[in-house]
Asker: 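First the structure, then my questions, so here it is.
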Amino acid sequence: MRILVAEDDLDLNEVIVRKLRAEGYAVDRCFDGREALDYLEAVPYDAAVLDIMMPEMDGLETVRRLRAAGKMTPVIFLTARDTIADRVKGLDLGANDYMVKPFSFAELVARIRAVTRAAVGNPTNCYTIADLTLDAETRIVKRAGREIALTAKEYALLEYLLRNKEKILSRRKIEDNVWDYDYEGGTNVVDVYIAYLRKKIDEGHPVKLIQTVRGIGYRLKAGE
């Protein structure tokens, strides 16, 4: 999943981004609300983690404008404001969740999982298709009951395919979701990682789940 972090405290921003990337997320970051809105209007993020007290434009105004533009990206507020009135205002403006500083990073990741699974209508952290399962909490992937070891990027790609199972995804969409702005790799990176996944997910199984849609991209589908 691709996450935006907007936090004007440079040290906290660095910590959040580093830890989210260690969890396998593609992460972009910025330091003020106006820049955050530009990012959110340009890229289909799976979730955004926004500080409320930011320069240029605060998090509340950022979310108000985002929702007014019809963008439904799940938003989690981070703030030192802990009154009920502050929380109510943030949620009423369109935020999906609210965390008060200081916070537990494990809880932040759990809340990201919660808002993103709600966005795709999945009631649990487990995503499945045919005999393939992915547990987003434990990061365990199994095919026909056998656990499969994946690299962080392979896992991120598979999770994106599963969250959009049966949808045809262009190479550009996949690249935009799984890789962040800092990526400087080759132009065929999606094809390379699809090949890696096919070897681990489909090889040795009669039903091939990862399908190529010629001229468009890929999809995860059980059967033709």
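Keep in mind the model is a prediction, meaning the values are calculated, not measured. Residues: numbered from 1 along the sequence shown.
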Asker: Is there a side-chain contact between Val190 and Trp179, using heavy atoms and a 4.5 Å cut-off?
Answerer: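 A side-chain contact exists here, since the closest heavy-atom pair is under 4.5 Å.
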Asker: Can you give me the closest heavy-atom contact between Leu197 and Glu154, atom names plus distance?
Answerer: CD2-O, 3.7 Å
Asker: Out of Arg113, Arg163, Arg117, Arg2, which one pairs with Asp46 under the salt bridge (charged side-chain N to carboxylate O under 4.0 Å, His left out) rule?
Answerer: Arg163
Asker: May I ask you to decide if Glu23's main-chain N or O and Arg139's side chain share a donor-acceptor pair within less than 3.5 Å?
Answerer: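 Yes, the answer is positive, given that a donor and an acceptor are paired below the 3.5 Å cut-off.
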Asker: So which heavy atom on Met53 is nearest to which on Asp8, and how close?
Answerer: O-OD1, 3.4 Å
Asker: As a quick check of understanding, evaluate salt bridge (Lys or Arg N to Asp or Glu O under 4.0 Å) for Lys142 and Asp135, giving each step before the final call.
Answerer: CA-CA 9 Å; Lys142 293 182 179 181; Asp135 189 319; over 6 Å; no
Asker: Give, for atom CD of Glu56 and atom CD of Glu61, the distance between the pair rounded to the nearest 0.5 Å.
Answerer: 13.0 Å
Asker: Enter the distance from Thr62:OG1 to Leu40:CG here, rounded to the nearest 0.5 Å.
Answerer: 8.0 Å
Asker: Just by distance, do the side chain of Asp97 and the backbone of Ile76 share a donor-acceptor pair under 3.5 Å?
Answerer: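 Checking the backbone N and O of Ile76 against the side chain of Asp97, no donor-acceptor pair under 3.5 Å is found.
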Asker: Nearest 0.5 Å, please: how far is CG in Leu169 from CG in Asn177?
Answerer: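 So the gap between those two atoms works out to 9.0 Å.
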Asker: Any idea how Tyr45 and Tyr39 line up, ring-wise: parallel (<30°), tilted (30 to 60°), or perpendicular (>60°)?
Answerer: tilted
Asker: Under the 3.5 angstrom rule, does the side chain of Asn13 hit a backbone N or O of Cys30 as a donor-acceptor pair?
Answerer: yes
Asker: Can you tell me if Lys173 has over 12 outside heavy atoms packed within less than 6.0 Å of its NZ?
Answerer: no
Asker: Applying the side-chain contact (heavy atoms from CB on, under 4.5 Å) test to Leu60, which of Met54, Lys89, Arg65 qualifies?
Answerer: Lys89
Asker: For the OH atom of Tyr127 and the CG atom of Leu220, what is their distance to the nearest 0.5 Å?
Answerer: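 Reported value, rounded in 0.5 Å steps: 13.5 Å.
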Asker: Just by distance, do the side chain of Arg67 and the backbone of Gly94 share a donor-acceptor pair under 3.5 Å?
Answerer: yes
Asker: Among Val5, Ile112, Val178, which residue satisfies the side-chain contact (heavy atoms from CB on, under 4.5 Å) criterion with Tyr25?
Answerer: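 The side-chain contact (heavy atoms from CB on, under 4.5 Å) with Tyr25 is passed solely by Ile112 among Val5, Ile112, Val178.
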Asker: Please determine if Arg34 and Asp38 form a salt bridge, counting it only when a charged side-chain N lies under 4.0 Å from a carboxylate O.
Answerer: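 Salt bridge flag = no for Asp38 with Arg34.
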Asker: Other hydrophobic cluster members with Phe31, side-chain heavy atoms of Ile/Leu/Val/Met/Phe/Trp/Tyr under 4.5 Å, chained?
Answerer: Leu10
Asker: Is there a donor-acceptor pair under 3.5 Å between the side chain of Arg143 and the backbone N or O of Ile148?
Answerer: no
Asker: More than 12 heavy atoms of other residues, nucleotides or ligands under 6.0 Å from NZ of Lys200: is that the case?
Answerer: yes
Asker: Under 4.0 Å between a side-chain nitrogen and a carboxylate oxygen: does that hold for Arg29 and Glu7?
Answerer: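 Judged by the 4.0 Å cut-off on N to carboxylate O distance, Arg29 and Glu7 do not form a salt bridge.
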